> 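To start, I am sharing the structure in question, which I have written as structure tokens.
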Amino acid sequence: MWRRPAWQVLRQFVRHESDTVTSLVLERSMNRVQLLGRVGQDPIMRQVEGKNPVTIFSLATNEMWRTGDSEVGQGALLLLCTLGDISQKTTWHRISVFRPGLRDVTYQYVRKGSRIFVEGKIDYGEYTDKNNVRRQATTIIADNVIFLSDN
């Protein structure tokens, strides 16, 4: 059988206090984001002196929910009539693409209103604005961008 004892599997995920003193134990962790939405602006390409270029654009995702007490009927017409009020919240995400091939294709083909799927990781950082004020920034670093049909 290919199974490992349970203690070996658990040891991969749990760091014991004694492990930190005697040896370095690498923990497994994950930072993955998947977003499906529409592009809010045409991408721009920026290059800071001494660094690789980056393609940047915004992506809108929507969350919808129903409010109020209502019954859901069996027929399509009845279903539409009894849904209640539908509320929607739009969240904007800043997407940065650093990978050379993906960066260039994204810059060339992504346009405002395009429907795309983005996979990547979330990154938190700080920057200083024009008025010398420190700001926080949350960015999605894209590993993959999939172009979807608008139909």
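Small disclaimer: the values here were computed from a predicted structure and weren't measured.
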> When rounded to the nearest 0.5 angstrom, what is the spacing between CD in Gln41 and CZ in Arg94?
8.5 Å

> For Met64 and Ile86, work out which heavy atoms get closest and say how close.
CE-CG2, 3.7 Å

> So, taking the atom named CG in Asn144 and the one named CZ in Arg99, what distance separates them when rounded to the nearest 0.5 Å?
6.5 Å

> Can you find a heavy atom in the side chain of Ile116 that is under 4.5 Å from one in the side chain of Ile95?
no

> Hey, any chance Leu36 and Phe147 share a hydrophobic cluster, counting ILVMFWY side chains that come within less than 4.5 Å of each other, even indirectly?
no

> Nearest 0.5 angstrom please: Leu26 CG to Arg28 CZ, how far?
10.0 Å

> So how far is it from Thr106 OG1 to Met45 CE, rounded to the nearest 0.5 Å?
8.5 Å

> Should Thr91 and Lys89 be marked as a side-chain contact (heavy atoms from CB on, under 4.5 Å) after you check the CA-CA gap, both sets of side-chain angles, and the distance that decides it?
CA-CA 7 Å; Thr91 303; Lys89 176 186 174 189; 4.0 Å; yes

> Tell me if a side-chain donor or acceptor on Thr55 pairs with a main-chain N or O of Arg103 at a distance below 3.5 Å.
yes

> Linking I/L/V/M/F/W/Y whenever their side-chain heavy atoms sit closer than 4.5 Å, directly or via other members, would Ile56 and Val39 fall into one cluster?
no

> Is there a side-chain contact (heavy atoms from CB on, under 4.5 Å) between Asn52 and Val54 once you walk through the steps?
CA-CA 7 Å; Asn52 291 330; Val54 59; over 6 Å; no

> Grab the two heavy atoms, one from Val33 and one from Lys121, that are nearest each other, plus how far apart they are.
CG2-C, 4.2 Å

> Specify the closest pair of heavy atoms between Asp42 and Lys112, including all atoms of both residues, with the distance to one decimal.
OD1-N, 2.8 Å

> What distance do Ile140 atom CD1 and Phe57 atom CZ have between them, rounded to the nearest 0.5 Å?
10.5 Å

> Treating Ile, Leu, Val, Met, Phe, Trp and Tyr as nodes and any side-chain heavy-atom pair under 4.5 angstrom as an edge, say whether Ile141 and Ile44 lie in one connected cluster.
yes

> For a 4.5 angstrom cut-off between non-hydrogen side-chain atoms, does Thr138 reach His93?
no

> Linking I/L/V/M/F/W/Y whenever their side-chain heavy atoms sit closer than 4.5 Å, directly or via other members, would Val110 and Leu59 fall into one cluster?
yes

> Tell me the closest heavy-atom pair linking Arg32 and Asp143, and the distance in Å.
NH1-OD2, 2.7 Å

> Of all the heavy-atom pairs spanning Trp92 and Gly40, show the shortest one and how long it is.
CZ3-CA, 3.5 Å

> For the residue pair Pro43 and Arg111, establish whether any side-chain heavy-atom pair is separated by less than 4.5 Å.
yes

> Take a 6.0 Å sphere around CZ of Phe117 and say whether it holds more than 12 heavy atoms from other residues, nucleotides or ligands.
yes

> Look only at the side chain of Asp129 and the backbone of Asn131, and say whether a donor-acceptor pair between them is shorter than 3.5 Å.
yes

> Just by modelled atom types, is the Thr139 backbone N or O under 3.5 Å from a matching donor or acceptor in the Asp123 side chain?
no

> Working to the nearest 0.5 Å, report the span between CG of Asn62 and OG1 of Thr90.
4.0 Å

> Looking only at non-hydrogen atoms, find the nearest pair between Arg38 and Gly113 and report the distance.
NH1-O, 2.9 Å

> Can you confirm whether more than 12 heavy atoms, excluding those of Arg134, are under 6.0 Å from its CZ atom?
no

> Do Val97 and Tyr107 have side chains that approach each other closer than 4.5 Å (heavy atoms only, starting at C-beta)?
no

